[in-house]
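These numbers were taken from a predicted model, which means no experiment stands behind them. For this chain, numbers begin at 1 and follow the sequence in order. Ligands are counted one by one from 1 in listed order, and the atoms in each one are counted from 1 as well.
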Amino acid sequence: MSNLDQKMIVKVDTTKASCPIGEIIGKKNISESKIPVLSCEGACIRGEIARLAARNVSKEQGYGRGCHGELIAVPESAIAQWIKSAEKVVLIDGCFLRCHGRIIENILDNKKLIQFDALSHYKKYNDIFDYDDVPEEERKEVAQSVADWVMDSLNNPSAGSASPCATSDDKSSGCCG
Ligand code: SF4
């Protein structure tokens with residue numbers, strides 16, 4: 001890894017392998033013009049809430065769960081082709097650090113990337129790292145609240161919850177970083 005114009009360059013080894021079910025789902029989602037939903041997949045409670053919320057949004061009509069791993073590391077896969085060719089892509093990061101937003105902005109056309117900072121919506125668990133320190137039912141409720149907020153913003157863009165995190169340096173809400 002090296003610094004270049006204040007960006008990090010990460011080398012990824014290529015692979016000839018492919019995921020059989022990923023190929024089927026990727027092609028199906030392309031044919032159905034589904035909107036991919038990605039999350040940061042962070043290991044802490046913030047990443048877990050983002051992951052669960054992305055799962056819930058992806059169950060809505062017209063949406064599907066995207067895999068950032070294949071997007072980044074298997075770029076010729078059907079899942080990656082689906083995400084790259086989709087009309088828009090939804091990304092839910094766990095917090096203001098925007099770990100995936102800052103990567104994926106460099107892979108996809110920013111105009112079609114709709115970003116959310118989940119923590120900015122629910123604003124708690126600042127002193128918790130492990131997700132199982134929050135009861136499962138509570139995790140599910142908070143994640144559904146984030147998913148509802150995301151869907152409200154997607155369905156009513158003028159309400160304006162999407163993408164403010166792209167320029168946010170607000171660290172007042174706390175994070176796992
Ligand atoms: S630091 Fe925040 S944005 Fe980054 S992986 Fe963790 S929860 Fe996600």
Side-chain angles (χ1 to χ4, degrees), residues 1-4 6-12 35-60 63-75 79-80 83-84 86 88-154 160-177:
M1 191 180 296
S2 64
N3 287 329
L4 181 65
Q6 298 183 320
K7 293 194 176 189
M8 292 182 286
I9 305 292
V10 178
K11 291 184 178 176
V12 180
I35 298 166
V37 184
L38 304 171
S39 82
C40 72
E41 315 281 353
C44 67
I45 181 64
R46 284 153 289 280
E48 180 68 2
I49 295 291
R51 189 182 70 78
L52 292 172
R55 182 259 179 205
N56 291 354
V57 171
S58 74
K59 294 297 176 191
E60 297 286 337
Y63 293 85
R65 188 67 162 95
C67 173
H68 71 276
E70 287 208 62
L71 172 64
I72 296 167
V74 198
I79 289 280
I83 297 169
K84 286 189 274 195
K88 58 184 174 180
V89 175
V90 176
L91 169 62
I92 305 173
D93 261 314
C95 73
F96 54 80
L97 287 183
R98 300 179 50 245
C99 294
H100 270 47
R102 289 182 290 108
I103 295 170
I104 292 170
E105 282 168 0
N106 291 283
I107 298 174
L108 300 179
D109 176 356
N110 281 356
K111 289 197 279 292
K112 72 177 191 179
L113 186 59
I114 306 169
Q115 300 187 52
F116 297 86
D117 163 6
L119 180 62
S120 73
H121 173 66
Y122 66 86
K123 298 186 176 80
K124 55 185 178 181
Y125 310 140
N126 293 345
D127 55 350
I128 295 175
F129 188 90
D130 290 342
Y131 70 78
D132 47 11
D133 284 345
V134 176
E136 183 177 7
E137 279 310 306
E138 186 175 328
R139 295 196 301 264
K140 287 181 177 174
E141 283 173 20
V142 172
Q144 187 58 54
S145 169
V146 172
D148 291 344
W149 168 67
V150 167
M151 287 308 302
D152 278 350
S153 178
L154 293 171
S161 295
S163 292
C165 52
T167 55
S168 173
D169 286 325
D170 177 13
K171 298 187 173 46
S172 60
S173 25
C175 185
C176 53

Report summary line: Rounding to 0.5 Å, atoms CD (Gln144) and CD (Glu141) come to a distance of 10.0 Å
Query - Glu138: partners by salt bridge (charged side-chain N to carboxylate O under 4.0 Å, His left out), with sequence neighbours left out - result: none
Query raised in the report: Is Glu41 salt-bridged to Arg65, going by a charged N under 4.0 Å from an acidic O?
Result: yes
Query raised in the report: For the atom pair CZ (Arg55) and NZ (Lys140), what is the distance rounded to the nearest 0.5 Å?
Result: 8.5 Å
Report task. Check whether any N, O or S atom of Cys95, backbone or side chain, sits closer than 2.8 Å to atom 8 (Fe) of ligand 1. Result -> no
Query raised in the report: Which part of His100 is near ligand 1, with near meaning a heavy atom under 4.0 Å away: side chain, backbone, both or neither?
Result: neither
Report task. Check ligand 1 against Asp93 and write out every atom of the ligand that is under 4.0 Å from a heavy-atom position of the residue. Result -> 3 (S)
Query - Residue pair Ile83 / His68, side-chain heavy-atom distance below 4.5 Å - result: no
Report task. Mark up the atoms of ligand 1 that fall under 4.0 Å of a heavy atom belonging to Cys40, in ascending order. Result -> 3 (S), 5 (S), 7 (S), 8 (Fe)
Requested in this report: Pull out every atom of ligand 1 sitting under 4.0 Å from any heavy atom of Arg98, numbered as shown with elements.
Outcome: 3 (S)
